[in-house]
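All ligand and atom numbering here is 1-based and tracks the order in the structure.
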Amino acid sequence: MNEFELIRQVFMPVAVATANPAVRLGPGDDGAIQRLPPGSELVFSLDTLVEGVHFPADYSPRFLGWRGLAVAASDLAAMGADPVCFTLGLTLPYSDDKWLKAFAQGLSDAAKQFGLALAGGDTTRGPLTLSFQVHGTVPAGTAILRSGAHTGDLIGVSGMLGDACAALRWLDEPSPSHHARTLLGRYHHPEPKLTLGQLLRGTASAAVDISDGLVADLGHILAASGVGARLIEAAIPRSAALMALHGEESLAMALNGGDDYEICFTVAPDRWSSLEAAANRGELTVIGEVTAEPGLWLSDGHQDRPVHSTGYDHFGADE
Ligand code: ADP
Ligand code: MG
């Protein structure tokens, strides 16, 4: 397939399958056109995934299609945006029909589930790299920023932490156990918390999605808001699978492991119970509180110790 056949045969069907009325013009022209509801603002975010950096070489194309869009959509969730559409920048070393078909399937499954229409893209030859630009909308002024946390706010997280990071140890396991398969599912098939993000809009004072690890990503809220935090070690939510397979290491994985795409947020204490009641049962956990004193502290019930991020930094020092 040449470039134009590839777009027509592989990506046009995805655009058709995911179309929504907010996209007035999808792929095929020099640009796409998105309708904006009156009084709304556009929230947009770009994520790039590079083979060998963000996913292993020879990674399943079906998982890649899902995961790439999920990672990008997670930023919309953290902003509290309603998902609308996305564009795809695809760089491929060669055109492989089987690979493209599987990739388009994973992409289409994710786009349908997240409510994101494929509105356009760019297709080039080179080392395998994917860029997803995702668009969402919010009523003007209501997007959740990292900078809104106040002293005394509770710190909450969704779901369980550390599973996706632990899954990296099991990627090459020929016959993974039930627990290992649970962890692998969290890595291959992340679910961006879009519904929760919409619920947090107007309630949470700040939010971030956990892509680089709780400590690193909560650190972004603390830095942007000019506050500190104290976390309760025993409250950090960890799955039965993580505890069973990585008992001793599970805390470090939950604190510093990336790729979970859960949401970490801050909220005034008097708004917690209504938020918890509106969320899925058991989805939210209070893990600590925002403090005036800067820094991030972890309490084991007896004493507080400072915690530092070991999250991934593409341009960080090697040690
Ligand atoms: P131009 O040269 O004007 O930038 P292109 O030839 O790159 O246009 O793309 C032609 C059309 O195909 C555009 O509407 C573009 O959005 C769409 N397109 C290109 N690659 C993809 C892709 N991978 N997925 C969806 N649409 C794509
Ligand atoms: Mg053009």
Side-chain angles (χ1 to χ4, degrees), residues 1-37 40-77 81-137 188-192 194 211 261:
M1 278 190 278
N2 70 30
E3 179 190 331
F4 297 102
E5 282 168 3
L6 191 158
I7 295 166
R8 195 167 47 80
Q9 290 179 28
V10 180
F11 292 105
M12 277 303 190
V14 178
V16 170
T18 59
N20 72 44
V23 178
R24 187 156 83 74
L25 186 67
D29 212 308
D30 290 315
I33 303 177
Q34 180 182 347
R35 293 190 176 95
L36 292 176
S40 67
E41 287 174 330
L42 179 66
V43 176
F44 55 102
S45 171
L46 177 68
D47 266 294
T48 297
L49 285 81
V50 178
E51 180 172 48
V53 178
H54 301 94
F55 57 93
D58 300 317
Y59 187 60
S60 147
R62 188 162 180 168
F63 290 149
L64 186 61
W66 176 285
R67 209 167 154 254
L69 189 61
V71 167
S74 179
D75 288 317
L76 293 180
D82 301 325
V84 178
C85 61
F86 71 104
T87 54
L88 166 64
L90 181 60
T91 303
L92 291 170
Y94 43 83
S95 160
D96 171 340
D97 290 12
K98 206 171 141 225
W99 191 96
L100 280 163
K101 213 177 146 217
F103 174 78
Q105 184 66 57
L107 181 68
S108 185
D109 291 345
K112 279 189 249 174
Q113 175 149 332
F114 310 155
L116 285 165
L118 178 59
D122 194 29
T123 306
T124 54
R125 181 180 288 240
L128 183 58
T129 306
L130 303 104
S131 290
F132 292 87
Q133 166 127 336
V134 287
H135 284 197
T137 58
H188 294 312
H189 224 252
E191 307 252 354
L194 290 158
S211 54
Y261 299 100

Ligand 1 to Gly28 polar contact by distance, N or O atoms, under 3.5 Å: yes
Shortest reach to atom 3 (O) of ligand 1 by a heavy atom, considering only Leu6, Asp30, Val14: Asp30
Those atoms of ligand 1 less than 4.0 Å from some heavy atom in Asp29: 13 (C), 14 (O)
Per-atom contacts, ligand 1 versus Phe4 - under 4.0 Å to a heavy atom: 6 (O)
Any donor-acceptor pair under 3.5 Å from Thr137 side chain to Ser40 backbone: no
Test item: Asn20 side-chain N/O and Val84 main-chain N/O as donor-acceptor pair under 3.5 Å: yes
Ligand 1-proximal atoms of Thr123, by part, heavy-atom distance under 4.0 Å: both
Residue of the set Thr87, Thr48, Asp122, Thr91 for which side-chain hydrogen bond (donor to acceptor under 3.5 Å, both in side chains) holds with Ser131: Thr48
Per-atom contacts of ligand 1 with Asp122, taking only distances under 4.0 Å to non-hydrogen atoms: 7 (O), 19 (C), 20 (N), 21 (C)
Close side-chain approach of Trp66 and Pro190, heavy atoms under 4.5 Å: yes
Check: Pro27 N/O within less than 3.5 Å of ligand 1 N/O: no
Heavy-atom closest contact (Gly31 atom, Leu25 atom, distance): O-CD2, 3.7 Å
Exam field: side chain Gln113 to backbone Ala110, donor-acceptor pair closer than 3.5 Å: no
